[in-house]
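Side chains are part of it too, since the values below use all heavy atoms of this structure and drop only hydrogens, waters and symmetry mates. In listed order, ligands and their atoms are each counted from 1. Predicted model, so just to flag it, every value in this text is computed and none were measured.
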Amino acid sequence: MTLRIFVPRDAAAIAVGADEVATALRAAVKKAGVQAEIVRNGSRGMLWLEPLVEIEREGVRYGFGPVAPGDVEGLVKAGILQGKPVAEIKHPAAIGVVDDHPYMKRQTRLTFARCGVTDPVSLEDYKAHDGYKGLERALALKPIEIVDEVAKSGLRGRGGAGFPTGIKWKTVHDTAGPQKYIVCNADEGDSGTFADRMIMEGDPFLLVEGMTIAGIAVGATRGYIYLRSEYPHAAIALNAAIAAAKKAGYLGPSVAGSSHAFELEVRIGAGAYVCGEETSLLESLEGKRGLVRAKPPLPAHKGLFDKPTVINNVLSLCAVPFILSEGAKAYADYGMGRSRGTMPIQLAGNLKFGGLFETAFGITLGELIDDIGGGTLSGRPVKAVQVGGPLGAYFPRGLFDTPFDYEAFAARDGLIGHAGVVVFDETANMAKQARFAFEFCSIESCGKCTPCRIGSTRGRETMDKVMAGENTSQNLAVIEDLCNTMKFGSLCALGGFTPYPVMSALTHFPEDFGRPARKLAEAAE
Ligand SMILES: Cc1cc2nc3c(=O)[nH]c(=O)nc-3n(C[C@H](O)[C@H](O)[C@H](O)COP(=O)(O)O)c2cc1C
Ligand code: SF4
């Protein structure tokens, strides 16, 4: 029987040498004269173990990681290519059965179920692992029943705002128009986030299927994936999946032999953070400068080329096939409060075990950092955690009991956003981070509204004065005032949410701003 060896084609794995490891393994296989197939899979999401090489024996996958090209000879000597039971191979990189690894075992992988398991560009493999079951069920339903199913699942937008996906789809479904569109927001600009990239590279058919279901549900016959320009590997995987789906009749004038048409294309983004904001994205997709549009009209009424448009994040669309195949309840059974289902959380920054961790809503921030993430890589105490990208708040240890839930984070002046979690140890200076928030906003601002365009620059300048110890209390009063103006006067969330990192840094870490430190009891509030 042919031995199957897996080496990820994921960009994070390639960045640490996965291609070279695959080449070394190919040479070793040839030299040993054994029958072996090297599959370039997606990442399992355990980034500290990349490149993670897996050997399959009798349907069980054993892992070795991280593997450098120079380790291949030793692995071959240890017996990975021979009939020897893999469990008996003693090698410093051996991690045992991959599915039994505690990091994997603790997850609930609904969206990432196939990621790292299958050959991402094989339609056959996708279908062999329950792929296209959601579409099959969708085709047996009326469009409005598909919309209802998504609404009942409780799915909320995973791109940042957490808006109910079912309501958005219903609006587009109910809006008449000769042409409607599905746009996937794959601009993924938040710091510390990579889930969109990982799923597009590791299971691209899932996004194709999710968008096709969305098209059938709302009556859209065309879809566009607006892909971040820094994601060339995702573009290759998506284009391969689209071509294969077209060839097999899953895309085109008659989706899976039905009366529904759906065409899909990848468009490369313009490389600005603000192009991830949905209306700015639509402008960019139309070939214009990424300038935010005033709302109303909503994109659901007048979106791409002024036509009714569903615009959803990659993860929102990727949750849909499971919801359709397993039913709304199976998805809604996970989670807490109004945060239903699972969230692919991205653990990043100064952490021992950074990676992708998909779990039901409700897990606390502390469990994620201390337990799953293993604390800081530097070994120093955690000082702050920024959740939700560059516009998210900094949480101190005193708030580690916050459950991962949209409302719980909002109640503590924070946000989940796209679920990027970036950890900072005690060496971080939070005044510097506040300055950075203003600076980032000033660089990325589209310039359409004054509070953001001017406020961000004045904020950065004022932070420079605070950091130089110049009239600290007056300048901090200016910062607070500016934050209020930006929060309530900005047209979009770039200017409107920049006050979150600034004010959270100032509230929780006043000593870094030249103010007296908070007492322990206050800090826990
Ligand atoms: C400055 C800014 C950047 C954004 N970047 C992204 C992004 O990269 N990806 C994304 O899905 N949503 C992003 N959003 C949110 C989108 O505007 C929008 O809410 C989202 O695409 C809707 O999809 P969802 O309902 O599936 O989350 C951004 C918003 C702002 C204000
Ligand atoms: S808040 Fe900033 S990015 Fe948003 S519209 Fe105003 S100027 Fe543009």
Side-chain angles (χ1 to χ4, degrees), residues 111 150 155-169 171-172 182-197 199-200 207 210-211 214 224-231 269-285 289-295 298-300 303 309-320 343-344 388-392 406 415-420 437-438 440-457 459 485-500:
T111 297
V150 171
L155 178 66
R156 291 165 73 175
R158 304 297 192 227
F163 187 80
T165 308
I167 295 179
K168 192 180 276 189
W169 286 23
T171 312
V172 178
I182 306 297
V183 173
C184 171
N185 190 340
D187 202 45
E188 196 165 60
D190 282 357
S191 39
T193 63
F194 48 83
D196 294 354
R197 179 191 59 69
I199 200 74
M200 289 186 290
L207 180 58
M211 290 183 74
Y224 294 97
I225 300 169
Y226 185 89
L227 181 69
R228 182 183 173 86
S229 61
E230 293 92 335
Y231 284 177
Y273 181 68
V274 77
C275 283
E277 192 283 332
E278 57 185 14
T279 61
S280 175
L281 185 155
L282 294 174
E283 288 285 297
S284 176
L285 202 50
R289 192 182 131 204
L291 205 63
V292 173
R293 295 178 186 170
K295 285 190 262 189
L298 294 171
T309 303
V310 164
I311 174 159
N312 271 134
N313 172 251
V314 173
L315 298 180
S316 316
L317 291 159
C318 285
V320 168
M343 187 76 208
L391 310 174
Y406 291 101
L415 54 119
I416 286 180
H418 188 46
F438 280 126
F440 179 80
C441 182
S442 70
I443 293 168
E444 299 294 338
S445 169
C446 84
K448 182 145 176 169
C449 69
T450 314
C452 167
R453 186 183 67 244
I454 307 287
S456 54
T457 298
T485 308
M486 288 177 72
K487 188 170 173 181
F488 298 108
S490 295
L491 185 57
C492 86
L494 180 47
F497 280 61
T498 291
Y500 278 72

Under 4.0 Å from a heavy atom of [X]: which atoms of ligand 1 are those, numbered in the order shown and with their elements?
X	value
Asn313	10 (C), 11 (O), 23 (O), 24 (P), 26 (O), 27 (O)
Gly189	8 (O)
Ile311	22 (C), 23 (O)
Asp187	8 (O)
Arg158	26 (O), 27 (O)
Leu494	1 (C), 31 (C)
Ser316	24 (P), 26 (O)

Taking all non-hydrogen atoms of both residues into account, name the closest pair between [X] and [Y] and its distance.
X	Y	value
Asn185	Gly276	ND2-O, 2.7 Å
Thr111	Cys318	CG2-CB, 3.8 Å
His418	Asn313	CE1-OD1, 3.5 Å
Cys446	Arg289	O-NH2, 2.9 Å

Student check: side-chain heavy atoms of [X] and [Y] closer than 4.5 Å:
X	Y	result
Trp169	Leu155	no
Tyr500	Leu391	no
Met211	Leu207	yes
Asp190	Pro390	yes
Arg228	Asp196	no
Met200	Val314	yes
Pro344	Ile199	no
Phe440	Ser191	no

Practice problem: Could you tell me the separation between the CG atom of Leu315 and the CD atom of Glu188, rounded to the nearest 0.5 Å? | Solution: 7.5 Å
Self-check item: Spatial distance of atom CD1 (Ile311) from atom CG (Leu281) [nearest 0.5 Å]
Solution: 4.5 Å
Practice problem: Sort by chain and number the protein N/O/S atoms found under 2.8 Å from atom 2 (Fe) of ligand 2. | Solution: Cys452 SG
Of the protein's non-hydrogen atoms, which lies at the shortest distance from [atom], and what is that distance?
atom	answer
atom 7 (C) of ligand 1	Asn185 OD1, 3.6 Å
atom 17 (O) of ligand 1	Glu278 N, 2.9 Å
atom 8 (O) of ligand 1	Glu188 N, 3.1 Å

Quiz item: Does even one non-hydrogen atom of Lys168 get within less than 4.0 Å of ligand 1?
Solution: yes
Quiz item: Of the choices Glu277, Arg156, Arg228, which has the non-hydrogen atom that lies closest to atom 30 (C) of ligand 1?
Solution: Glu277
Quiz item: So which of Gly276, Pro299, Cys441 gets nearest to atom 28 (C) of ligand 1, if we judge by its closest heavy atom?
Solution: Gly276
Quiz item: For Gly159, is at least one N or O under 3.5 Å away from an N or O on ligand 1?
Solution: yes
Practice problem: Report yes if some N/O of Asn312 lies less than 3.5 Å from some N/O of ligand 1; otherwise report no. | Solution: yes
Quiz item: How does Tyr273 reach ligand 1, by side chain, by backbone, by both or by neither, if only non-hydrogen atoms under 4.0 Å count?
Solution: both
